[in-house]
Amino acid sequence: MTSDSSQSPLTSPLVWREDGLPQSRLYGDVYFSSADGLAETRAVFLDGCGLPAAWTGRDRFVVGELGFGTGLNIAALLDLWRREKPAGGRLHVFSIEGHPITRDEAARALAVWPELGEAAQVLLDHWPTAARGFHRVDLPGFDATLDLAVMDVAEALSAWSGMADAWFLDGFSPALNPAMWSEEILAAVAARTAPGGRAATFTVAGAVRRALTAAGFSWEKRPGFGRKRERLEARFPGEAPAQTRPASLAIVGGGVAAAALARAGRVEGLAVTVFDADRAKASGNPAALVTPALDAGGGPRAAFPAQALARAAALYDALPEAVLARGVLRLATAPRDADRFAAVERQDLFADGEMSVLDAEAASAALGEAAAGALRMDLARVVDPAAVLAAWRGEAAAAEIARLEKVEDGWRLFDADGALLATADAVVLAAGADLSRLWPEASIRPVRGQTSWTGPVDLAVTPAAFGGYAVPTPGGGVLFGATHDRGETATELRDADHARNRQALAKGRPDLAARLADVALDGRAAVRATTPDHLPLAGAVPGAPAGLYVLGGLGGRGFATAPLLAEHVVSLMLGAPSPLPRDLAALVEPGRS
């Protein structure tokens, strides 16, 4: 049967055949059965992995998949999960796709099965981009989360921290894509399989059976679907372990780190209490810039801010009342910036169009005043911190935690007078520059920063960063700054620092500075927490008893990094798969050397 390549751009990994089926341009195989793809998925993968019986009584069930494709298998899984899930259960899906298709292509493929309804729609509504790396995908209404790894299958399996209870082995045909079915790949699958886990696939090829055996699986042939006479069901030795998980979480701190932790914890069903004696001093500006720490060199230090920015943008966009602006310009301020921006634009860590280099003419037009050039960061945001904290953190107890005590069933939290304020199964220290009070060994360095802002002004301000930054505020004003004084902890407002902020603005945006020259300024000073290597701390507190974690050292980029890091920390305490690949988790590990 011939293929109609005119229906797909040449960059797409698929073409549409005359019968309407999507076919891989790279491997020459169809994405699903011409007989009935949904029926095939249900027979081969859902029934083949013993679902829904396998998740009966489970608090969490983890499914891994080789070959995300059109999302059909996961849509079918979500449909079954929603109908048959155990009370209070959470589903976690990890899928790998080396050649992702677009949302529109997936919508066309899935439209064949309107009975999938909301299960297909939730995937389409949150369809990830083709940027290389891990993508955490929200699946609201399904008590489920998807982590999609857009990368080579061997790299993805090595990077993932989870253990799957079931695997959908759904790569293209072993004859056409043998690398997906090699002994090395199936051994890596086995290494990421929980005791008693299941695996299912449409193929009974001898090489696949031998690789499964070598990896430790037992298998049996079962009647196939459609024109396939047989399929495989495989089991991993052992019994599914008993599940234990914390039920309550106490968070010490009240800024964006605490708010992100509270959101992530409640999504996972934890009872969350936030203690904020300082009333979020470090997250109290009227506007916050959500931008990445750009790294043109690639590697983990480039991948982490890229993944964090994508996750932050998705979560803030789900709070439209909190988003003040979408897209930020990073202005060129040095001769080397043009090459640096071009290197960032070329990185496959961002989807097409997410990072765009602008020449002087285009940058000036976008900014509204002369600029030497810029990098347009479409995923960057300006947000209202108060709206974010209200939505994610909620009310916080205005109390200072002075002492923690580990007890057999969790932790006790005391105030300075020795009064017991709370008990919790797990505790996260998220108090910014105050971390060292409860964790004296914390490698935290204080940095005083003062921002300045105006009242309402008749200006349309394009958000921009230029060493300093200038962004709009909810009241129609302009916020700019900020000073950066290492080792200082005083928080009084200083006229001299307003003057420094005006000077920085005049250097980066002289026209805007001139228009604001005679405008009265308000402002605030706060102490940020940084680390010697300028990377965050996210994970278990080194040397502490089980159940004590930290999220801190975020510096001036807390609104960009906290949402993803909070999900990582919560995953650690729950024993759930982390949204961070292993190399990025090591980058932020509190015990790193």
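Keep in mind that what you see is a predicted model, and the values were worked out from it rather than measured.
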Next item on the list: Look only at the side chain of N285 and the backbone of A287, and say whether a donor-acceptor pair between them is shorter than 3.5 Å.
Entry: no
Next item on the list: Could you check whether the rings of W127 and F68 sit parallel, tilted or perpendicular, using 30° and 60° as the cut-offs?
Entry: tilted
Checklist line | Non-hydrogen atoms of P590 and V550 that approach each other most closely | finding: CG-CG1, 3.6 Å
Next item on the list: Find out whether P22 and E105 are in side-chain contact, i.e. whether some heavy atom of one side chain is under 4.5 Å from a heavy atom of the other.
Entry: no
Check: Is there side-chain contact between F350 and V344, with heavy atoms separated by less than 4.5 Å?
Finding: yes
Checklist line | S578 side chain reached by L584 side chain, heavy atoms, under 4.5 Å | finding: no
Item checked: Non-neighbouring partners of E361 that pass salt bridge (charged side-chain N to carboxylate O under 4.0 Å, His left out), sequence neighbours left out -> none
Next item on the list: Output yes when a side-chain donor or acceptor of R502 lies under 3.5 Å from a complementary backbone atom of L516, and no otherwise.
Entry: yes
Check: Can you name the nearest heavy-atom pair linking G71 to L123, along with the distance?
Finding: O-CD1, 3.5 Å
Next item on the list: Would you please say whether a donor-acceptor pair under 3.5 Å links the side chains of T291 and R557?
Entry: yes
Note to self: Just so I know, are the side chains of L565 and L554 near enough to count as touching, which here means a heavy-atom distance under 4.5 Å?
What the structure shows: yes
Note to self: Quick test of your reading of the model: are D138 and R311 salt-bridged, counting only N-O distances below 4.0 Å?
What the structure shows: yes
Check: Can you tell if the side chain of R509 reaches within under 4.5 Å of the side chain of V461, non-hydrogen atoms only?
Finding: yes
Next item on the list: Return yes if some donor-acceptor pair links the side-chain N/O of N501 with the main-chain N/O of Q450 below 3.5 Å, else return no.
Entry: yes
Notebook entry, point to check: Side chain of R448, backbone of A490: donor and acceptor closer than 3.5 Å?
Noted result: yes
Notebook entry, point to check: In Å and rounded to the nearest 0.5 Å, what is the CZ to CG distance from R592 to L587?
Noted result: 7.0 Å
Notebook entry, point to check: Looking only at heavy atoms, which two atoms of Q347 and D295 are closest? And how far apart?
Noted result: NE2-O, 2.7 Å
Check: Between D378 and R376, does at least one N-O distance fall below 4.0 Å, as a salt bridge requires?
Finding: yes
Check: Looking only at atom types and distance, does a side-chain atom of T462 sit under 3.5 Å from a main-chain N or O of A366, one as donor and one as acceptor?
Finding: yes
Next item on the list: Would you mind checking if R500 and D497 are paired as a salt bridge, meaning a charged N to carboxylate O distance below 4.0 Å?
Entry: yes
Check: Salt bridge check: are D317 and R381 linked by an N-O gap of less than 4.0 Å?
Finding: yes
Item checked: Close side-chain approach of L375 to L329, heavy-atom, < 4.5 Å -> no
Notebook entry, point to check: Do NZ/NE/NH1/NH2 and the carboxylate oxygens of R515 and E369 come within less than 4.0 Å?
Noted result: no
Next item on the list: Indicate yes or no for a side-chain donor-acceptor contact from R393 to the backbone of G254 under 3.5 Å, with no hydrogens or angles considered.
Entry: yes
Note to self: Determine whether a donor-acceptor pair (N or O, by modelled atom type, separation under 3.5 Å) exists between the side chain of T531 and the backbone of H534.
What the structure shows: yes
Item checked: Gap separating the CZ atom of R346 from the CZ atom of F341, nearest 0.5 angstrom -> 13.5 Å
Note to self: Any heavy-atom pair between the side chains of L146 and S95 that's under 4.5 Å?
What the structure shows: yes
Item checked: Close side-chain approach of P140 to V122, heavy-atom, < 4.5 Å -> yes
Notebook entry, point to check: Quick one: does Q307's side chain have a donor or acceptor within less than 3.5 Å of a partner on G133's backbone?
Noted result: no
Margin query: Check this for me: D352, atom CG, are more than 12 non-hydrogen atoms of other residues, nucleotides or ligands nearer than 6.0 Å?
Written below: no
Next item on the list: Take T483 and R494 through the side chain to side chain contact (heavy atoms under 4.5 Å, CB included) test and state the conclusion after the steps.
Entry: CA-CA 11 Å; T483 61; R494 300 172 181 172; over 6 Å; no
Margin query: For W392, give me all partners under ring-ring contact (aromatic ring centres under 6.0 Å, His included), at least two apart in sequence or on another chain.
Written below: Y316
Notebook entry, point to check: Under 3.5 Å, side chain of R524 to main-chain N/O of L493, donor-acceptor pair present?
Noted result: no
Margin query: Looking at E97 and V150, would you say the former's side chain and the latter's main chain have a donor-acceptor pair under 3.5 Å?
Written below: no
Next item on the list: Could you tell me the separation between the CG atom of L479 and the OG1 atom of T451, rounded to the nearest 0.5 Å?
Entry: 5.0 Å
